[in-house]
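Below is one structure, written out as structure tokens, with a few remarks after it.
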Amino acid sequence: MAAIRLYDTRSGELRQLVASPDGSIGIYACGPTVYGRIHVGNARPFVVNSLLKRFLAHEGHDVTLVVNITDVNDKIYDAARAMGVPSADLAAEMGAHYIADTDALGLGRPDSEPLASETIEPIVSLIAELIERGHAYVVDGDVYFRVRSDPQYGSLSRRSIDAMNQGEGVEGAERKEDPLDFALWKAHKEGEDTVWSAPWGRGRPGWHIECSAMAEQKLGVGFQIHGGGNDLVFPHHENEAAQTRMARDRELAQIWMHNGMLQFGEEKMAKSVGNVMPLHEVLDDVGRNALIMLFVGAHYRQPMAFDDMRLMEALARVARVRDAARGLVDGESPAEMRHLRDAFFEALRQDFNTPAALAAMFDWIKEANKREEPVGRADLVEMLAVLGLQNLAEHGSEAGAEEQELLDQREDARAAGDYAEADRLRDELRGHGWEVRDSSAGPELVRVEQ
RNA sequence: GGCGCCGUGGCGGAGUGGCUACGCAGCGGCCUGCAAAGCCGUUUACUCCGGUUCGAAUCCGGACGGCGCCUCCA
């Protein structure tokens with residue numbers, strides 16, 4: 001099995017991916033907090049992780065992808081209160097939207113999507129372990145993690161504890177032993193409508209601990225890849241790593257993999273900036289093929305520009321692939337083109353370099369287009385499947401009877417030399433979403449890319 | 001201020017110490033009734049200043065610029 005290398009945030013370098021002794025690979029990625037519809041920026045890690053899973057499976061691994069859903073959180077309380085609905089109802093509604101919105105990406109579901117609210121027991125026992133070991137303490141029903149008790153704290157985000165801002169003004173600051181400490185459990189407060197019991201009192205879990213618990217519950221400690229946006233490196237992932245390290249004496253994950261932010265204008269796209277584009281609107285507008293093509297067009301770690309022009313470019317790439325696929329035949333691809341297929345997968349083995357892989361795929365396409373003799377589609381389908389774009393190589397839908405009639409009329413007009421009428425009919429077909437392409441084999445109707 | 005990332009041709013975007021991806025757009029040509037698609041050709045890039053080297057856009061140092069994190073954020 002060929003070596004796969006991925007960039008690890010913690011070590012700051014490419015590290016070889018080492019599967020479990022049984023050959024399996026576990027991936028945990030932080031999912032959304034469900035207090036609103038997700039935006040395209042949130043879709044990037046979803047797409048990256050889904051495609052990474054496909055690639056690793058293609059390489060022969062048994063992959064388990066876990067993406068949690070945070071359904072208990074201050075933001076959910078705030079949003080629900082503002083709307084005058086129970087927070088659990090809002091979380092359920094937005095959770096359902098999240099599922100539907102990401103389903104529309106057509107990449108399938110993660111293998112497991114745990115909810116914080118359904119993981120309370122493991123969370124409580126993990127906190128209890130930290131208290132018992134002296135890495136956490138109770139104050140008025142709150143539980144805080146003792147950051148300075150972890151000598152390796154800061155190793156993930158590679159920053160020194162003493163250089164950190166002292167988190168002044170944050171709620172609970174006066175109760176903490178150290179401003180750096182963070183909440184594992186928050187005592188129930190007036191107006192919060194979800195609450196659970198724990199040995200130290202009623203309340204609900206903090207944000208970071210839920211991920212440590214869910215990841216461990218689904219994948220065990222020491223799984224292969226922990227992913228998420230790079231804005232989560234600190235404090236979220238730093239805290240997750242610290243909690244598990246102190247409670248279990250082991251690192252939560254081998255490789256910490258972080259994707260870059262989507263840029264909208266000059267800034268990152270974020271709800272806090274207010275420049276978000278809802279995922280479902282983008283999908284309605286341009287389709288999942290173009291969005292996925294856009295995402296794989298840049299390396300996952302780089303920040304990525306997102307605007308209409310990028311989307312149109314992605315759409316043009318999609319059209320090029322589909323046009324090329326249309327000219328292929330079923331069956332094996334030529335052996336002389338094998339090296340291009342190989343280059344595609346080799347690029348992915350080097351830190352999941354999708355743009356380099358795409359370049360190899362376009363080289364393959366150019367070569368296929370050049371050939372006079374029929375070219376088998378197998379290689380292209382194999383590459384596209386890893387990108388979740390295999391539909392581009394499938395036979396398109398047939399035009400309806402009405403379009404067929406218009407096409408016939410155009411052929412009659414052409415035969416009669418009435419090109420003005422022929423061109424008018426061609427324009428009319430375009431209005432129906434079909435493009436006419438004449439070839440030596442006769443005219444063909446091709447669906448216009450969204 | 002601290003930590004990190006980045007600065008490539010008209011645009012987007014990979015990568016390598018010497019062989020100069022890929023896509024989009026433009027222009028010219030072939031093909032076509034005209035187009036579209038495809039093919040061929042085409043303006044040849046690597047922020048700046050030092051250094052290392054036979055040779056650097058690629059390594060090192062510095063400057064300038066941009067972005068992210070340090071507070072909720074994918």
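Every chain is numbered from 1, with letters handed out A, B, ... down the list of sequences. Values in this document were obtained by computation on a predicted structure and should not be read as measured data.
Within 4.0 Å (heavy atoms only), A:Met312 reaches no atom of the nucleic acid at all. Nucleic acid contact for A:Asp438: base, since at least one base atom lies under 4.0 Å from a heavy atom of the residue. Within the nucleic acid shown, A:Asn353 comes within 4.0 Å of sugar-phosphate atoms alone, with no base atom in reach, counting heavy atoms only. Within 4.0 Å of A:Arg158, counting heavy atoms only, lie sugar-phosphate atoms of the nucleic acid but no base atom. Counting non-hydrogen atoms under 4.0 angstrom, A:Glu444 reaches nothing in the nucleic acid.
Salt bridge status for A:Glu251 with A:Arg10: present, with a side-chain N to carboxylate O gap under 4.0 Å. Classification of A:Arg349 and A:Glu59 as a salt-bridged pair holds, one side-chain N sitting under 4.0 Å from a carboxylate O.
Nearest-nucleotide positions on RNA chain B place A:Pro303 closer to the 5' end than the other of A:Pro303 and A:Thr33. Toward the 5' end of RNA chain B, the nearer of the two residues A:Gly260 and A:Arg317, judged by each one's closest nucleotide, is A:Arg317.
The side chain of A:Lys75 approaches B:C72 more closely than any other nucleotide in the set B:C22, B:A36, B:C72. Listed candidates were B:C39, B:C70, B:A74. Nearest to the side chain of A:Pro235 is B:C70.
Under the 3.5 Å distance criterion, with hydrogens and angles disregarded, a donor-acceptor pair is assigned to the side chains of A:Gln350 and A:Glu346. A:Tyr35 and A:Ser87 are not linked by any side-chain donor-acceptor pair at a separation below 3.5 angstrom, with hydrogens and angles left out of the test.
The one candidate from A:Tyr144, A:Phe145, A:Phe234 that meets the ring-ring contact (aromatic ring centres under 6.0 Å, His included) condition with A:Phe182 is A:Phe145.
Listed by residue number, the members of residues 224-231 of chain A with any heavy atom below 4.0 angstrom from RNA chain B are A:Gly228, A:Gly229, A:Asn230, A:Asp231. Contacts with RNA chain B (heavy atom under 4.0 Å) in residues 410-430 of chain A: A:Arg410, A:Arg414, A:Tyr419, A:Asp423, A:Arg426, listed by number.
Between A:His299 and A:Asn353, the closest side-chain pair of non-hydrogen atoms falls below 4.5 Å. For the pair A:Val446/A:Arg322, no side-chain contact is recorded, criterion being any heavy-atom separation below 4.5 Å from C-beta on. With contacts defined as side-chain heavy-atom distances shorter than 4.5 Å, the pair A:Arg437/A:Asp323 qualifies. The side-chain heavy atoms of A:Trp185 and A:Ile209, taken from C-beta on, include no pair separated by under 4.5 Å.
Figure legend. B:A25 is base-paired to no nucleotide; pairs are counted as Watson-Crick or G-U wobble with both atom distances under 3.5 Å. Remark: B:A56 base-pairs with no nucleotide; criterion is Watson-Crick or G-U wobble with both hydrogen-bond distances under 3.5 Å. Summarising the base pairing, B:A36 is matched to no nucleotide, lacking a Watson-Crick or G-U wobble pair whose two defining distances lie under 3.5 Å. When both pairing distances are held under 3.5 Å, B:G17 makes no Watson-Crick or G-U pair with any nucleotide shown. B:C64 and B:G7 make up a base pair, with Watson-Crick or G-U wobble contacts both under 3.5 Å.
Not a single donor-acceptor pair, N or O on each side, falls under 3.5 Å between the base of B:C39 and the side chain of A:Lys370. Scanning atom types as modelled, one donor and one acceptor separated by under 3.5 angstrom connect the side chain of A:Glu313 and the base of B:G23. With hydrogens and angles ignored, a donor-acceptor pair closer than 3.5 Å exists between the side chain of A:Lys268 and the base of B:C73.
Proximity of A:Trp207 to the phosphate of B:C73: a side-chain N or O atom is located under 4.0 Å from OP1 or OP2. Side-chain N/O atoms of A:Lys366 include one lying less than 4.0 angstrom from OP1 or OP2 on B:C40. Checking the phosphate oxygens (OP1, OP2) of B:A74, a side-chain nitrogen or oxygen of A:Asn42 falls inside 4.0 Å. A close approach under 4.0 Å does occur between a side-chain nitrogen or oxygen of A:Arg320 and OP1 or OP2 of B:G38.
One finds the CG atom of A:Asp418 at 9.0 Å from the CG atom of A:Asp423 (value rounded to the nearest 0.5 Å).
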